[in-house]
Asks: 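Please read through the structure below; I'll follow up with questions.
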Amino acid sequence: MVRQDETGTPAIRILGPLQVVIARREMTVPGRNGPWLLAGLSLGGGRPVPDDQLIEWVWGPGGASVGALRTGVSRIRTWLRDQTSLPDVIELTCHGYRLDLERVRLDAARFLELARAAEARHDPADRLDLLQLAMAEWRAPVLLGAPERLCAGPEVNRLETARLATVIELADLALLLDRAEEAVHHLTNVAELHPYDERLHTRLIAVLGASGRRAQALRWFEATRRRLADELGVDPSPELRDVHAALLAEEARAGAPRKSARTTPNMLPPDVSDYTGREILRRNLRQHLCDARRTTASIVTVSGMGGIGKTALALHLAYEVHARFPDGQLYMDLHGTGSPGEPIAPAEVLSRFLRCLNVSGDAIPPTLDERAELFRTLVSDRRTLIILDNAADATQVMPLLPGSPSCAVVITSRRSLGLPVARQVDLDVLSPSQASSLLERIVGRERLDRDPAAAQELLSLCGHLPLALRIAGARLAAKRHWTVAMLVAHLHDERHRLDELAHGALHVRAVFALSYLGLEEEEQRAFRRLGLIEVTSFPSWMAAALLDVDIQEADRLLETLVDAQLLQVAASDPAGRIRYRFHDLVRLFSREAAEAEDPAQVRADAVERLLGALLSVSRAAYSALYGGEHQIVRGASARWNPPTPYLHDLVRDPVDWFETERLTIVHGVRLAASAGHQDLSWDLACATAIFFSLRKYLDDLETTLGIAHAAAEQAGDVRGMAAVLHRRGMLHSDKALYDLATADFERSLELFLSAGDVHGSGIARAYLAMVDRFVGRPDQAMARYERALEELRAAGDAGTEAYVLRCVAQIQLGDDELRLARVNFEAALAIYEPLNAQRGLAQTLYWLGTLELREKRYDRAGDAFARTLDHVRAIGDRVGEALALHGLGVSNLGKGLLDKAEDPLIRAVHITRSVKSRLNEVRARTSLGEFYQAVGRVPEAVAEFETAVAIARDIGARPLEEQAARLLDECTG
């Protein structure tokens with residue numbers, strides 16, 4: 001995977017499992033061998049890697065050809081370029097491929113750079129700081145989990161050797177500077193990988209002793225001594241024996257009475273022994289807490305949902321830095337999580353802290369202000385670390401904060417406290433690699449490797465939430481006979497997943513319940529309602545519909561739930577409106593609470609309001625695109641409507657709105673059908689079909705129409721079935737499947753006639769005529785259009801009337817009745833313009849431009865196509881963009897501007913191919929062939945004409961096939 005540093009540069013990490021992060025997102029390198037190819041290039045460290053070496057690393061000796069290597073590198077280059085918009089970061093030199101380290105951040109290169117920088121420094125403190133930064137780049141052995149052929153080479157050995165030398169030097173400097181605690185975690189991580197390196201274990205035992213962990217140091221010596229004897233048959237080296245003797249002497253001195261009356265409190269609970277992840281965050285926070293340049297106390301607040309690991313981070317961070325605060329470590333659980341017990345009052349917290357600082361009970365002042373003053377005075381000259389866990393709010397912690405720069409404070413809370421003097425950290429769930437590492441530490445890598453797919457699914461089912469992962473890991477550790485797949489099977493049923501995520505005293509449900517019980521009644525109600533829908537994210541208007549409140553009240557309730565860490569801010573939509581989301585496990589808890597506390601009818605009414613609101617906004621988006629609800633049949637569904645000004649602003653850019661809500665619409669169609677709202681299901685599917693078509697989400701469109709048709713059929717809703725069949729016919733037309741389209745349009749017409757729906761029958765006839773026109777039956781098309789016009793005018797659908805007039809004009813254009821065609825094109829424009837129907841205007845302008853071409857008015861044609869291009873780009877219509885570019889290319893060809901004709905024609909071909917618009921691809925290729933013929937590039941012209949003939953024959957577009965065939969004959973004859 002790829003990682004990204006603070007500058008925004010894509011980062012590759014090989015000092016541990018391969019990682020790649022781009023734009024703050026961990027990415028998966030494409031291809032089966034792609035990750036190892038990128039890993040091999042990274043091992044070069046910015047130097048060229050020969051082809052044969054890369055092939056051996058990635059495929060094994062003789063495992064692939066140089067051509068396969070070239071293809072693999074090209075795929076990664078393209079992927080990186082697409083993801084980052086950077087020039088190529090992989091360069092081919094005469095000595096092989098190399099990774100350009102000026103364009104990507106490589107952790108191995110950064111590690112070596114920092115180690116070299118430390119060598120050049122004379123000040124030991126500076127050297128130690130640089131070496132700590134260097135070691136922070138390491139997460140695990142080089143390319144952990146990669147194939148053996150990648151990890152067994154000299155490049156990996158050199159990095160591991162450099163790591164060993166660096167950590168030994170770091171330990172020596174830490175001991176010299178009396179900063180031993182800072183070396184402990186670095187040495188421990190490396191010592192576990194080198195069980196027989198006596199130099200390394202000597203340093204680890206020394207820094208443990210110097211950090212005040214003499215008992216742990218003595219245990220480590222004994223374990224090392226026994227391992228050397230049992231496995232190698234040797235005694236400890238003199239160096240190891242000397243450090244052991246020094247420990248025993250220190251132990252004896254520690255037993256002597258203390259002369260100082262001033263005690264050093266250490267109230268920290270035990271550290272989390274298997275703490276995993278958040279390396280960069282911890283490094284930054286350590287630097288912040290230990291910054292000697294500050295002039296006030298260093299304060300960090302850590303917020304996040306229950307189970308996210310706030311307390312674990314605070315305690316682990318405390319143990320990492322506590323040597324820098326030798327005058328005391330104070331800790332207090334403030335019980336501010338919403339539990340039945342009251343949060344601890346700040347006066348009580350100060351009383352306990354003062355007693356730990358040697359203030360006798362009768363000397364503790366009676367008032368809160370006096371206790372706070374005494375506390376600040378006592379710690380003003382002490383280097384003291386204070387951990388305030390589970391704070392309720394800022395009022396609870398403000399009296400507990402010191403003012404001296406010698407002190408540091410870490411506060412955890414489920415709510416964002418908003419302390420202006422603090423550095424705020426909002427914890428999210430673990431990344432996939434961090435979650436995997438945590439589970440591996442609990443369960444063991446070998447057990448997870450037996451079923452990697454099940455292991456990955458387990459991470460997903462736990463939502464990458466540290467508490468859930470610990471519970472899952474503990475259950476597997478306790479049941480050695482279980483496979484990972486067995487636990488996954490237990491977790492698959494959403495209704496019982498929270499039951500399964502419990503072990504001993506650890507319960508995911510109980511953690512969420514604490515936050516829920518801390519809410520007011522109306523806030524609890526909002527939380528329960530929002531869990532009724534399963535969408536990736538949602539805006540405040542959806543919440544307003546579910547809750548049946550206005551938008552402002554919905555905003556307030558949503559932000560309250562965000563503050564309680566029961567809801568998360570997902571992102572903003574293109575217009576800047578905030579969207580919200582649930583963690584998957586929190587949504588399950590929300591649904592449980594709704595089912596337990598709300599009657600079924602109340603829940604059903606809330607879902608119906610939401611679906612009605614989604615339909616209202618969808619129809620508003622359709623109207624913004626078409627200038628009204630034209631060309632669709634409207635259902636009679638009840639709808640919850642947002643305020644009109646808000647609604648108009650919401651769909652100001654209807655295509656952007658659709659892109660944001662696409663998955664919600666698919667879910668909404670399915671939910672409406674399953675909840676018994678069949679009318680809402682087909683109405684929503686039909687209202688949004690044009691957007692799926694415009695953006696070429698044809699699989700989604702087929703899914704929604706299939707669900708909607710089944711729903712309408714189940715309900716016996718004739719108009720609903722007719723409406724969906726009409727839209728499905730349009731989908732078949734988009735795919736140039738004209739026989740299927742005809743069948744759907746004819747059945748749609750029959751059903752509309754049987755229902756007595758004149759509007760629907762007019763629309764169905766208009767689209768049957770469209771197919772007639774496409775397959776070369778203009779007379780039959782004209783007769784259908786004339787009948788459709790009568791029905792549409794009777795129904796008052798001016799927008800569809802304009803569409804039919806445009807289609808009639810297209811037939812007249814094909815018959816060389818140019819004057820009549822112009823009359824009808826202009827009549828269509830006259831209807832569309834006051835409606836501000838963007839799509840209708842774009843299509844009519846395009847055909848008017850085509851008419852101008854026929855009359856050889858190339859300047860006017862170019863103007864019409866340029867206006868068309870503006871409209872289609874505004875609504876995100878890729879097919880329309882291809883048509884407008886095609887028209888511009890032909891206009892320039894007609895004007896003799898050959899240098900300006902080729903590019904728009906080629907772009908038109910590329911777009912039609914990418915969106916699979918085969919009919920328009922035929923038109924674009926035919927015109928491109930005419931351009932090549934005009935400039936004497938005959939072979940290229942022949943190729944375009946032949947392709948156009950083949951596609952037109954395949955889709956049954958006979959008039960276009962005949963035109964391309966005629967041009968091909970001219971070219972080859």
Side-chain angles (χ1 to χ4, degrees), residues 269 272 275-278 281 301-316 332-344 387-393 396-397 410-417 424-430 434-435 438 459 461-474 491 494 497-520 523-524 526-528 530-531 558-570 580-594 596:
V272 180
Y275 192 89
T276 302
R278 311 198 195 278
L281 173 62
T301 62
V302 181
S303 62
M305 63 183 285
I308 202 74
K310 302 180 294 298
T311 299
L313 172 64
L315 288 176
H316 196 67
M332 187 61 61
D333 183 346
L334 302 179
H335 293 178
T337 58
S339 56
E342 290 293 323
I344 299 179
I387 308 296
L388 302 173
D389 198 16
N390 291 320
D393 51 36
Q396 188 185 24
V397 299
V410 180
I411 308 167
T412 74
S413 177
R414 294 196 184 182
R415 297 178 178 270
S416 178
L417 299 180
Q424 173 68 36
V425 174
D426 296 306
L427 286 191
D428 202 349
V429 294
L430 297 175
Q434 291 173 338
L438 174 57
L459 301 181
L461 290 170
C462 290
H464 299 100
L465 185 71
L467 175 62
L469 290 165
R470 288 189 180 281
I471 291 171
L491 293 173
E494 287 189 347
R497 188 173 301 161
L498 295 181
D499 295 328
E500 297 292 339
L501 289 174
H503 183 78
L506 300 177
H507 297 265
V508 168
R509 180 187 284 111
V511 169
F512 296 158
L514 288 175
S515 295
Y516 175 69
L517 293 172
L519 299 173
E520 299 294 333
E523 296 160 357
Q524 291 182 349
F527 174 72
R528 297 194 303 271
L530 294 171
L558 289 168
E559 288 301 317
T560 300
L561 295 176
V562 169
D563 291 342
Q565 297 295 338
L566 288 170
L567 201 60
Q568 298 168 320
V569 174
Y580 302 87
R581 64 181 171 88
F582 275 117
H583 184 276
D584 289 346
L585 297 179
V586 178
R587 180 185 285 111
L588 293 181
F589 178 78
S590 169
R591 192 182 308 155
E592 277 188 2

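Start at 1 with the first residue, then count along the sequence. As a basis for the values below, the full set of heavy atoms in this structure was taken, side chains included, without hydrogen atoms, waters or symmetry mates.
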Asks: Shortest non-hydrogen contact from L491 to R497?
Replies: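 Reported closest heavy-atom pair: O-NE, 2.7 Å.
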
Asks: Atom CG of L465 and atom CZ of F512: how far apart are they, to the nearest 0.5 Å?
Replies: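 With rounding to 0.5 Å, CG (L465) is 5.5 Å from CZ (F512).
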
Asks: Before giving the answer on side-chain contact (heavy atoms from CB on, under 4.5 Å), spell out for L313 and L281 the whole-Å C-alpha distance, their side-chain angles and the decisive distance to 0.1 Å.
Replies: CA-CA 10 Å; L313 172 64; L281 173 62; 4.0 Å; yes

Asks: Find out whether H335 and N390 are in side-chain contact, i.e. whether some heavy atom of one side chain is under 4.5 Å from a heavy atom of the other.
Replies: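 Not touching, per the 4.5 Å side-chain cut-off.
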
Asks: Heavy-atom distance under 4.5 Å between the side chains of L315 and P269, does that happen here?
Replies: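 Contact flag for L315/P269 side chains = yes.
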
Asks: Does a salt bridge link R509 with D499, judged by any charged N lying under 4.0 Å from a carboxylate O?
Replies: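 Yes, this pair counts.
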
Asks: For a 4.5 angstrom cut-off between non-hydrogen side-chain atoms, does H316 reach R278?
Replies: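 A side-chain contact is absent here, since even the closest heavy-atom pair is not under 4.5 Å.
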
Asks: Any idea which heavy atoms bring V429 and H464 closest together, and the distance?
Replies: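 Shortest heavy-atom separation between V429 and H464 comes out as CB-O, 3.4 Å.
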
Asks: Just verifying a value: how many Å separate L585 CG and M305 CE, rounded to the nearest 0.5 Å?
Replies: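 The distance works out to 7.0 Å.
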
Asks: Can you tell if the side chain of L519 reaches within under 4.5 Å of the side chain of L566, non-hydrogen atoms only?
Replies: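 L519 reaches L566 side chain to side chain.
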
Asks: Can you find a pair of side-chain heavy atoms, one from K310 and one from R414, that are under 4.5 Å apart?
Replies: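 They are in side-chain contact.
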
Asks: Identify the two heavy atoms, one from L469 and one from A435, that lie closest to each other, and give their separation to 0.1 Å.
Replies: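 Scanning both residues completely, I find the closest heavy atoms to be CD1-CB, 3.6 Å.
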
Asks: Taking the side chain as every heavy atom from C-beta outward, state whether I308 and Q565 have any atom pair closer than 4.5 Å.
Replies: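 No. Closest side-chain heavy atoms not under 4.5 Å.
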
Asks: Could you state the interatomic distance from CG (L334) to OG1 (T412), rounded to the nearest 0.5 Å?
Replies: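 Going from the CG atom of L334 to the OG1 atom of T412 covers 7.5 Å.
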
Asks: Determine whether F589 and V508 make a side-chain contact, defined as any pair of heavy atoms from C-beta on separated by less than 4.5 Å.
Replies: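 With C-beta onward as the side chain, the pair stays apart.
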
Asks: Which distance, rounded to the nearest 0.5 Å, do you find between the CG of L517 and the CD of Q524?
Replies: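 CD of Q524 is found 6.5 Å from CG of L517.
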
Asks: Testing L567, L588, L561 one by one against F582 for a side-chain contact (heavy atoms from CB on, under 4.5 Å), which residue passes?
Replies: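 Testing each of L567, L588, L561 against F582, the sole residue satisfying side-chain contact (heavy atoms from CB on, under 4.5 Å) is L567.
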
Asks: Just how far is it from atom CD of Q424 to atom CD1 of I411, taken to the nearest 0.5 Å?
Replies: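 Result: 9.5 Å between the selected atoms.
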
Asks: What's the spacing between D333 CG and I387 CD1 if we round to 0.5 Å?
Replies: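 D333 CG to I387 CD1: 12.5 Å, rounded to 0.5 Å.
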
Asks: What I'd like to find out is whether the side chain of Q396 reaches to under 4.5 Å of the side chain of D393, using heavy atoms alone.
Replies: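 Yes - at least one pair of side-chain heavy atoms lies under 4.5 Å apart.
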
Asks: What are the two closest non-hydrogen atoms of C462 and A472, and how far apart are they?
Replies: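 Shortest heavy-atom contact: SG-CB, 3.8 Å.
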
Asks: Restricting to non-hydrogen atoms, name the atom on D426 and the atom on S303 that form the minimum distance, rounded to 0.1 Å.
Replies: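 Where D426 meets S303 most closely, the heavy atoms are OD1-OG, 2.5 Å.
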
Asks: Could you please spell out the steps behind the side-chain contact (heavy atoms from CB on, under 4.5 Å) verdict for L530 and L558?
Replies: CA-CA 9 Å; L530 294 171; L558 289 168; 3.6 Å; yes

Asks: Looking only at non-hydrogen atoms, find the nearest pair between G309 and P466 and report the distance.
Replies: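 In terms of heavy atoms, the two residues are closest at N-CG, 4.5 Å.
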
Asks: What class does the angle between the rings of F527 and Y516 fall in, given that below 30° is parallel, 30 to 60° is tilted and above 60° is perpendicular?
Replies: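 Tilted: the ring planes of F527 and Y516 meet at 30° to 60°.
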
